[in-house]
Amino acid sequence: MSAVLQKLKRFKLRALHNQKKFGVAGRSCEEVLRKACLHLQLPVPGSSLCLYEDGTELTGDYFWSVPDDSELVLLTAGQTWQGYASDISRFLSVFQEPHTELIQAARQLLSDERAPLRQKLLADLLGTVSENIAAETRAEDAPWFEGLESRFRNKSGYLRYSCESRIRSYLREVTSGASLVVMEAREEYLRVVGAMCQKLQAARYNSSYFDRGAKASRRLCTPEGWFSCQGPFDVDDCASRHSINPYSNRESRVLFSTWNLDHVIEKKRTVVPTLAAAIHDAEGREVDWEYFYRLLFTSENLKLVHIACHKKTTHRLHCDPSRIYRAPAVPRRKRPARQRP
């Protein structure tokens with residue numbers, strides 16, 4: 001059918017990075033492009049049209065299959081558009097370098113807003129754009145330290161203290177496990193726990209796990225302080241992609257305290273009872289206490305998880321029987337003495 005006899009197709013159109021839309025109609029891709037360029041005062045040569053939805057270029061063959069009132073983006077020479085992803089990328093870039101005007105506008109909207117959902121969205125937006133992630137000291141970000149003792153002078157120091165407190169609580173639970181051991185073996189149990197304690201003290205209770213300034217192999221976060229949920233004990237990753245930066249603001253610092261360092265092989269149900277039984281049944285064998293140390297206090301058996309990913313069910317996992325005792329030392333064979341001629 002001749003293009004003259006075909007009805008006009010209507011579109012909603014806007015320029016790249018411009019949210020203002022206008023209507024345009026035409027009987028061909030070329031006609032729509034020409035009208036759009038005229039409206040926006042842009043050159044036709046080198047320009048093209050694509051779908052806002054996915055960035056598909058609008059061509060002559062594709063023109064009539066596109067529904068009426070579809071949204072189009074006008075691109076000039078050198079410009080590209082990948083659909084929704086492009087807008088999302090621009091939206092996220094706002095949070096990397098938030099403008100003062102954006103913060104002021106959000107605060108004004110929040111002060112006048114009464115709908116609970118919109119209040120939450122605006123509060124979350126303000127919390128995000130007002131983050132002071134790069135700041136480290138109390139002088140640089142006083143609101144972050146609100147409610148903390150004055151002895152904490154920098155963020156990393158407090159986060160190290162927070163991690164150390166968790167590990168110390170695990171040590172106390174392991175020490176109380178002496179009650180599971182008969183009196184004759186209790187002294188050996190406490191000796192083993194003492195060895196673990198010395199190793200923990202030398203490692204500063206693995207407090208570097210929460211310290212963004214620590215070496216990469218010793219921390220669980222990025223250099224900026226972002227932590228990612230490692231998922232429940234029985235999966236390899238977090239399906240919800242939970243993440244948090246306790247260095248960013250006071251609220252995130254407080255919320256981070258609800259994240260768990262979860263033992264994959266359970267501490268109270270499995271590791272401590274297995275250690276107690278191993279000491280009781282040693283019969284001259286040497287318990288590999290460093291294996292139990294790694295299960296109790298290190299990331300070999302600890303996963304950092306968002307509270308929603310912390311499954312309280314029984315894990316039903318066991319210690320490795322082949323690693324409970326140290327392999328007996330093999331005595332060196334004496335070389336036969338050389339006979340003198």
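Scope of the values below: all heavy atoms of this structure, side chains included, with no hydrogens, waters or symmetry mates.
Rounded to the nearest 0.5 Å, atoms NE2 (His263) and CG (Asn301) are 6.0 Å apart. For the atom pair Leu51 CG and Tyr62 OH, the distance stands at 4.5 Å (nearest 0.5 Å). The CG atom of Leu13 sits 9.0 Å away from atom CG of Leu33, with the distance rounded to the nearest 0.5 Å. Remark: Asn260 CG to Lys312 NZ distance equals 7.0 Å, nearest 0.5 Å. For the atom pair CD of Gln230 and CG of Leu304, the computed distance is 5.5 Å after rounding to the nearest 0.5 Å. For the atom pair Ile133 CD1 and Trp226 CH2, the distance stands at 5.0 Å (nearest 0.5 Å).
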Exercise. Can you list the steps and then say if Phe210 with Tyr161 is a ring-ring contact (aromatic ring centres under 6.0 Å, His included)?
Worked result: CA-CA 9 Å; Phe210 290 179; Tyr161 165 80; over 10 Å; no
Exercise. Given the rule in the side-chain contact (heavy atoms from CB on, under 4.5 Å) test, do Tyr52 and Arg14 qualify, once you have shown the distances and angles that lead to the verdict?
Worked result: CA-CA 9 Å; Tyr52 168 77; Arg14 63 181 175 88; 2.6 Å; yes
Problem set entry | Stepwise salt bridge (charged side-chain N to carboxylate O under 4.0 Å, His left out) check, Lys35 with Glu31 | CA-CA 6 Å; Lys35 289 182 177 179; Glu31 183 181 355; 3.2 Å; yes
Exercise. Yes or no on salt bridge (charged side-chain N to carboxylate O under 4.0 Å, His left out) for Arg10 and Asp68, after CA distance, side-chain angles and deciding distance?
Worked result: CA-CA 5 Å; Arg10 302 183 309 275; Asp68 274 351; 3.8 Å; yes
For this session: Verify side-chain contact (heavy atoms from CB on, under 4.5 Å) between Val73 and Gln79, making sure each step is shown before the conclusion.
Result: CA-CA 11 Å; Val73 178; Gln79 292 182 329; over 6 Å; no
For this session: Just do the side-chain contact (heavy atoms from CB on, under 4.5 Å) check on Leu75 and Ser48 with the steps written out, would you?
Result: CA-CA 5 Å; Leu75 303 175; Ser48 61; 3.9 Å; yes
For this session: Just do the side-chain contact (heavy atoms from CB on, under 4.5 Å) check on Leu220 and Leu261 with the steps written out, would you?
Result: CA-CA 11 Å; Leu220 300 177; Leu261 275 174; 4.2 Å; yes
Exercise. Yes or no on side chain to side chain donor-acceptor pair (under 3.5 Å) for Glu300 and Thr298, after CA distance, side-chain angles and deciding distance?
Worked result: CA-CA 5 Å; Glu300 182 176 314; Thr298 76; 4.8 Å; no
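Cation-pi check for Arg323 over Tyr291 is not met; the charged atom does not lie both under 6.0 angstrom from the ring centroid and within 45 degrees of its normal. A cation-pi geometry, defined here as NZ or CZ lying under 6.0 Å from the six-membered ring centre and within 45° of its normal, holds between Arg166 and Phe256.
Judged purely by atom type and a 3.5 angstrom limit, Arg326 has no side-chain atom pairing as donor or acceptor with the backbone of Glu286. Judged by distance alone, with hydrogens and angles left aside, the side-chain atoms of Lys9 form a donor-acceptor pair with the main-chain N or O of Val66 at under 3.5 Å. Between the side chain of Arg250 and the backbone N or O of Pro143 there is no donor-acceptor pair closer than 3.5 Å. No donor-acceptor pair closer than 3.5 Å links the side chain of Ser299 to the backbone N or O of Leu302.
In this structure, the ring of Tyr205 has its center no less than 6.0 angstrom from the ring center of Phe297. A distance below 6.0 Å separates the ring centres of Phe63 and Phe11.
Among all heavy-atom pairs drawn from Ser252 and Ile244, the shortest one is O-CD1, 3.5 Å. Residues Ala276 and Leu180 approach most closely at CB-CB, 4.1 Å, considering heavy atoms. Between Gly177 and Val272, the closest heavy-atom pair is CA-CG1, 4.0 Å. Nearest approach of Cys238 to Cys229, heavy atoms of both residues: CB-O, 3.3 Å. Asn206 approaches Leu200 most closely through the heavy-atom pair ND2-CD2, 4.0 Å. Considering every non-hydrogen atom in both Pro246 and Leu159, the closest pair reads CG-CD1, 4.1 Å.
More than 12 heavy atoms of other residues, nucleotides or ligands sit less than 6.0 Å from atom CG of Asp69. By the neighbour-count criterion of 12 heavy atoms within 6.0 Å, atom CZ of Arg204 is sparsely surrounded, having that number or fewer from other residues, nucleotides or ligands. At most 12 non-hydrogen atoms from other residues, nucleotides or ligands lie less than 6.0 angstrom from CZ of Arg316. Within a 6.0 Å radius of CD1 in Ile307, no more than 12 heavy atoms belonging to other residues, nucleotides or ligands are found.
Residues Phe227 and Val235 do not share a hydrophobic cluster, clusters being chains of Ile/Leu/Val/Met/Phe/Trp/Tyr side chains in contact below 4.5 Å. Hydrophobic clustering (side-chain heavy atoms under 4.5 Å, transitive across Ile, Leu, Val, Met, Phe, Trp, Tyr) groups Leu255 together with Tyr158. At a threshold of 4.5 Å between side-chain heavy atoms, the hydrophobic network of Ile, Leu, Val, Met, Phe, Trp and Tyr places Val254 and Phe152 in two separate groups. Neither Val32 nor Leu38 shares a network with the other; the hydrophobic side chains, linked directly or stepwise wherever heavy atoms of I, L, V, M, F, W or Y lie under 4.5 Å apart, form separate groups for each. Under a hydrophobic-cluster definition in which Ile, Leu, Val, Met, Phe, Trp and Tyr are linked whenever side-chain heavy atoms come within less than 4.5 Å, directly or via other members, Trp259 and Tyr170 are assigned to the same cluster.
The shortest side-chain heavy-atom distance between Thr56 and Cys50 does not fall under the 4.5 Å cut-off. Contact check for Leu49 versus Leu74: side-chain heavy atoms found under the 4.5 Å cut-off. A 4.5 Å side-chain heavy-atom check between Tyr247 and Glu224 finds every atom pair outside the cut-off. When side chains are defined from C-beta on, Met196 counts as touching Leu296, because their heavy atoms get closer than 4.5 Å. At least one side-chain heavy atom of Val287 sits under 4.5 Å from a side-chain heavy atom of Tyr325. Looking at heavy atoms from C-beta onward, Pro232 lies out of side-chain contact with Val305 at the 4.5 angstrom threshold. Considering only heavy atoms from C-beta on, Tyr189 comes within 4.5 Å of Ile279 through its side chain. Between Val24 and His39, the closest side-chain pair of non-hydrogen atoms is not below 4.5 Å.
Side-chain atoms of Asn154 and Ser156 include no donor-acceptor pair closer than 3.5 Å. No hydrogens or angles considered: nothing links the side chains of Asp211 and Ser208 as a donor-acceptor pair under 3.5 Å. Looking only at atom types and distance, the side chain of Thr314 has no donor-acceptor partner in the side chain of Glu266 under 3.5 Å away.
Salt bridge Arg294/Glu290: absent, no basic N to carboxylate O contact under 4.0 Å. Between Arg191 and Glu188, at least one side-chain N (NZ, or NE/NH1/NH2) sits under 4.0 Å from a carboxylate O, which counts as a salt bridge. Classification of Glu136 and Arg212 as a salt-bridged pair holds, one side-chain N sitting under 4.0 Å from a carboxylate O. Of the charged side-chain nitrogens involved, none lies within less than 4.0 Å of a carboxylate oxygen, so that Glu164 and Arg160 do not count as a salt-bridged pair.
Considering Asp141, Thr137, Asn132 in turn, Asp141 is the only one that fulfils the side chain to side chain donor-acceptor pair (under 3.5 Å) rule with Lys155.
Ring orientation note: the planes of His315 and Phe233 are close to parallel, at an angle under 30° on the 30°/60° scale.
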